[in-house]
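Right, one structure below, let's go through it.
The analysis underlying the following values was restricted to heavy atoms, covering all of them including side chains, and did not include hydrogens, waters or symmetry mates. Numbered from 1 within each chain, the chains take letters A, B, ... in sequence-line order. Everything quoted here is computed from the prediction, not taken from an experiment.
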Protein chains: 2
Amino acid sequence: MDLPTAIKHFRRQQHIARPGETRTAIYRLEEGWACRYSLLPDGRRQITVLYLPGDYCEPQWLLSGKAELPVLAMTGVRATVVPLATIHSQPGDGVKRLLGDMVQVMERQSRWIVSLGRKNAVERVSELLADLYARLGGAQGADGLCTIPLTQRDIADVVGLTPVHVNRVLQGLRQSGLVEIRGRTLLVRGEQLPLGAAA
Amino acid sequence: MDLPTAIKHFRRQQHIARPGETRTAIYRLEEGWACRYSLLPDGRRQITVLYLPGDYCEPQWLLSGKAELPVLAMTGVRATVVPLATIHSQPGDGVKRLLGDMVQVMERQSRWIVSLGRKNAVERVSELLADLYARLGGAQGADGLCTIPLTQRDIADVVGLTPVHVNRVLQGLRQSGLVEIRGRTLLVRGEQLPLGAAA
DNA sequence: CGGATCCTTGAGTGGGCTCAAAATTAGTGG
DNA sequence: CCACTAATTTTGAGCCCACTCAAGGATCCG
């Protein structure tokens, strides 16, 4: 109803968009994480994009106006609704900002293709955690630890591994002091994790 | 010099763009294939995008003006030079067409992430060949066969496998009648190959 | 015709998967 | 606050797909 700041809430495991839907607005995540994923007929799932607080979800709706793949809230989500009409009617920063975001997403996807195609389990998990650490803007907690609200199954569906193997990899990283696990919460100590170098 | 149709040629294995370069024009491939790739310090290579005749290379230069990763001619290439200034000065179809292409590339990358993360060797190679067959616009030869000018090493660097294993997979597909190999040329019989279904 | 690149084949290895079960944690309703 | 259930994490044993290493044949190119 009110134009400037419509807010929408989603619960964990609730769909933000479903394939084929026409989209007339995009969301800016204010709080919580979301993902775009793909489900194979036999149940295998692969997450193709992660959306963190501050991200626009999904930029390409500006161009295509249609959702190709399902988008899911991975935690509770609070998002600002940004109607496409609003953006188009003010053809200044808004469009540019979003197109820039699209390029960012593309580059991140390219890097991820490299990881999935050519890197082993430890490298993939490390790179994911390093990327998330960087995107969260450095440390959150006072002790340089930042919180990852993902299930080990979720991580597995990002890095293309099984939950069991992700668990074993995380145990290795834990012994290296790179991550901590308190209850069901994953804490990452950023810095040392190797970001994906390439040429 | 001449504005409307500047043409540029590249030989096989010649770089079309190198990382960090400023780009003031994009190319439209008239003939030949190209790819964007990433090289890890230890020599592992992963191809992230394939450009076929008719494709614009690379659309995101319109927005970023900079090459992030190297682009390589995989065969002899003849390309039309499209200066970015030309596109921006005629803000009609040109921009829209290119942005549409960008979305296409993004969706193809998403599908490829699914393949690399969740599919086995046979599925990946089949999907690649099916995708190429579709993008080449159906059959080229009179017999419903289309030609793939890629090395088995090139294919390996797309699907994230070793050349040796790609060879064994292709032999399986050959016995299934899905592909033919004449000398060093790969011929694909499209139709039956399963395109990546997802939901 | 020589050299380089590419394709092919074989034997052995290993990283990540599968299957299965137990332990821990989160969530729910009374 | 507690009992109960569901979801997640953890651990173990065995297996298989794709890799590695190595050598020999084809094919291309100058």
> Got a donor-acceptor contact below 3.5 angstrom from the B:Arg124 side chain to the B:Lys119 backbone?
Replying inline: yes
>> Main chain of B:Cys57, side chain of B:Asp55: is a donor-acceptor contact present, judged purely on distance under 3.5 Å?
In response: no
>> In whole Å, I'd like the distance from the CG atom of B:Asp42 to the P atom of D:dT20.
In response: 10 Å
> Taking any atom under 4.0 angstrom from a heavy atom of chain B, which nucleotides of DNA chain C are the first and last to qualify, 5' to 3'?
Replying inline: C:dT5 to C:dA11
> Among A:Leu50, A:Asp157, A:Leu72, whose side chain to side chain contact (heavy atoms under 4.5 Å, CB included) with A:Tyr37 holds?
Replying inline: A:Leu72
>> Quick check on DNA chain C: between A:Val166 and A:Arg182, whose nearest nucleotide comes earlier from the 5' end?
In response: A:Val166
>> Whether B:Thr162 contacts D:dC19 is assessed here as follows: a side-chain N or O lying under 4.0 Å from the phosphate OP1 or OP2. Is that the case?
In response: yes
> Taking protein heavy atoms under 4.0 Å as touching, what does nucleotides 6-13 of chain D look like 5' to 3' if B marks base contact, S marks sugar-phosphate-only contact and - marks none?
Replying inline: -BSSSBBB
> Which word best sums up how the rings of A:Tyr27 and A:Phe10 line up, parallel for under 30°, tilted for 30 to 60°, or perpendicular for over 60°?
Replying inline: perpendicular
>> Checking B:Val103 now: which residues fulfil side-chain contact (heavy atoms from CB on, under 4.5 Å) with it, not counting sequence neighbours?
In response: A:Gln60, A:Leu63, A:Ser64, A:Met102, B:Glu107
> Counting N and O atoms only, with roles assigned by atom type, does the side chain of A:Arg118 sit under 3.5 Å from a partner on the main chain of B:Arg45, one being a donor and the other an acceptor?
Replying inline: yes
> Among side-chain atoms of B:Glu123 and B:Ser115, is any donor-acceptor pair under 3.5 angstrom?
Replying inline: no
>> If I pick the P atom on D:dA18 and the same atom on C:dC19, what distance separates them, to the nearest angstrom?
In response: 16 Å
>> For A:Arg18, is the CZ atom crowded, meaning more than 12 foreign heavy atoms sit under 6.0 Å from it?
In response: no
> Could you state the CZ-P distance from B:Arg44 to D:dC19, rounded to the nearest angstrom?
Replying inline: 12 Å
> Over how many whole Å does the gap from B:Arg124 atom CZ to D:dC17 atom C1' extend?
Replying inline: 11 Å
